[in-house]
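Structure record follows, encoded as structure tokens.
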Amino acid sequence: MSSPSSTSSSAGVPRLLSVAFILGAFALGTSENVIAGILPRLAEAFDAPVSDVGLLVTAYAGTAVVAGPVLALLTARMPLRRLTIIAVALYGLGAMLAAFAPTYGTLMAARIVTGALHTPVLVAFMLTALRLARDGEQGRTVGRITLGLGVATVIGVPIGNTLSETVGWQWAFALIAALIGLTFLIVAAVFPDDRTARGETGWRSLRVLARRPVLGGIAMTAMAGLGAMILLAFAVPFLTRTGIDERAVAPLLLVYGTACLAGNILGGRLTDRGLVRALTITLGGTGLALLIAGVIGSSAVGAVAGLALVGIAYFSTFPPLNTWIATSADGIAPDLALAVNSSAFNIGIAAAGWLGGTALTAGLDAASLPHLGIGALALAVIISMLLRPTRRPSAPRAPTRQADHPQPS
């Protein structure tokens with residue numbers, strides 16, 4: 001996976017910068033998902049129906065889907081250090097606005113601002129991590145960032161919910177603002193001033209979306225999200241229909257969360273051993289996990305085990321998919337490719353929510369949810385196999401010597 005054009009072997013991502021990437025991803029993941037846990041408190045605070053408050057989730061995700069690629073086009077000429085500092089700072093201001101929001105409209109505006117900056121921050125983190133990663137460690141390096149997103153679901157969201165219930169919903173956003181603030185301080189101090197061109201700019205960069213490996217990667221991401229999230233988005237009914245008490249669901253979801261984190265680590269290691277093979281293994285493993293979950297999910301133990309198995313398999317796809325997109329688009333427009341890939345991920349999840357919800361409303365037993373997603377994963381596996389004959393994409397070029405010495409932007 002090393003680039004033939006690399007002039008020197010990278011020393012790896014500095015430890016403090018790696019901490020900033022994980023911390024920032026954790027904050028973004030918590031911010032994206034925390035609304036679901038504090039909906040009742042927000043509805044009370046703003047005297048609004050829960051359905052209206054739920055639009056705060058849609059506003060964040062919808063803005064991220066649309067704004068991510070647009071901002072990638074507009075900021076392609078901006079050095080990564082400057083882009084990251086500005087994006088993190090603005091995200092922090094948006095989080096602070098949410099914490100002090102006096103009205104529902106203000107909170108909605110804050111969600112739109114943070115949603116717009118979600119993808120630029122993550123893309124900047126991933127591109128920099130890949131550029132600084134040691135040869136053969138790109139997958140694990142990307143995996144640390146996606147690990148931060150996973151930990152947010154397992155730990156960040158419950159913490160935000162606890163703060164909301166005990167001291168007020170504002171403190172959930174205050175926590176996010178504090179985490180982003182700390183991320184900003186570290187980034188400002190140690191982020192390298194890498195002015196190496198990332199690829200083409202302007203409308204010419206759109207041709208990256210015509211590249212077969214990039215299109216294939218985006219399709220795999222969407223199919224994986226669609227297939228796996230049909231089950232994962234409806235984990236609660238999948239568990240409770242077996243007789244599990246609703247009060248026991250939260251602790252059991254911690255088991256699922258731990259499995260997701262393990263899968264993320266596994267995916268990073270598989271990626272470093274062979275990127276193309278890792279795509280097929282992790283995507284195929286997710287489809288197999290869905291099949292098994294559907295078979296053994298009729299009992300309480302089987303449902304928990306099946307859910308955890310799907311969590312391990314699905315989260316193992318994150319490092320190879322993101323690494324594939326970045327390396328396939330290297331030299332043309334990796335920012336745009338990763339941004340579109342992030343949008344495809346969210347679109348896949350939204351489609352899964354619609355399909356799963358429609359099926360349950362129509363009377364489908366929640367036990368059959370895993371089987372609905374197998375077809376999407378099968379398609380993703382086929383795409384990964386069709387991409388095998390292509391030349392393996394090179395890793396992002398190593399940073400120049402200028403990038404080895406942090407400088408003020």
Side-chain angles (χ1 to χ4, degrees), residues 12-35 37-38 60 64 78-101 107 110-111 113-133 140-164 166-194 257 261 264 342 403 405-409:
V13 182
R15 181 169 299 179
L16 193 56
L17 187 59
S18 183
V19 169
F21 289 165
I22 297 171
L23 188 65
F26 174 77
L28 265 62
T30 302
S31 178
E32 182 177 19
N33 298 297
V34 73
I35 293 292
I38 63 176
Y60 189 105
M78 190 178 296
L80 274 176
R81 173 182 167 84
R82 186 178 305 165
L83 171 61
T84 307
I85 289 176
I86 292 174
V88 172
L90 291 176
Y91 196 102
L93 290 175
M96 289 180 63
L97 179 62
F100 292 100
L107 184 55
R111 294 293 289 176
V113 169
T114 50
L117 294 163
H118 179 96
T119 299
V121 172
L122 282 182
V123 168
F125 284 0
M126 285 187 183
L127 286 180
T128 302
L130 280 167
R131 288 189 170 202
L132 297 178
R140 273 169 283 186
T141 301
V142 169
R144 293 188 190 104
I145 298 174
T146 54
L147 183 66
L149 294 171
V151 172
T153 303
V154 180
I155 300 175
V157 173
I159 290 176
N161 184 44
T162 300
L163 288 172
S164 175
T166 55
V167 292
W169 63 266
Q170 296 91 340
W171 287 94
F173 293 107
L175 170 65
I176 294 164
L179 292 173
I180 290 293
L182 182 56
T183 301
F184 173 82
L185 292 176
I186 299 174
V187 164
V190 302
F191 200 96
D193 187 17
D194 184 359
L261 301 184
N264 191 87
S342 177
H405 303 284
Q407 302 172 12
S409 56

Could you measure the distance from the CD1 atom of I86 to the CG atom of L90? Nearest 0.5 Å is fine. 7.0 Å
Tightest non-hydrogen contact, residues A25 and L149, listed as O-CD2, 3.3 Å
Heavy-atom side-chain contact between T128 and R81 under 4.5 Å: no
Specify the closest pair of heavy atoms between L132 and P14, including all atoms of both residues, with the distance to one decimal. CD1-CD, 4.0 Å
Is there a donor-acceptor pair closer than 3.5 Å between any side-chain N or O of T114 and the backbone N or O of R111? yes
side-chain contact (heavy atoms from CB on, under 4.5 Å), that's the test. Do I35 and F173 meet it? Break it down for me. CA-CA 10 Å; I35 293 292; F173 293 107; 3.6 Å; yes
Candidates V190, L23, V13 - the one meeting side-chain contact (heavy atoms from CB on, under 4.5 Å) with S18: V13
Can you find a pair of side-chain heavy atoms, one from S342 and one from T119, that are under 4.5 Å apart? yes
Please enumerate all residues that pass side-chain hydrogen bond (donor to acceptor under 3.5 Å, both in side chains) together with T141, with sequence neighbours excluded. none
With distance as the sole test, does T30 use its side chain to make a donor-acceptor pair with the main-chain N or O of F26 at under 3.5 Å? yes
Tell me, with the steps shown, if T183 and Y91 meet side chain to side chain donor-acceptor pair (under 3.5 Å). CA-CA 11 Å; T183 301; Y91 196 102; over 6 Å; no
Can you check side-chain contact (heavy atoms from CB on, under 4.5 Å) on W171 and L175, steps first, answer last? CA-CA 6 Å; W171 287 94; L175 170 65; over 6 Å; no
Considering residues, nucleotides and ligands other than M78, do more than 12 of their heavy atoms fall under 6.0 Å from its CE? yes
Nearest atoms (heavy-atom pairs only) where P158 meets A152: CD-O, 4.5 Å
Shortest non-hydrogen contact from V34 to G160? CG2-CA, 4.0 Å
Could you tell me if the side chain of F21 sits less than 4.5 Å from the side chain of T84, heavy atoms only? no
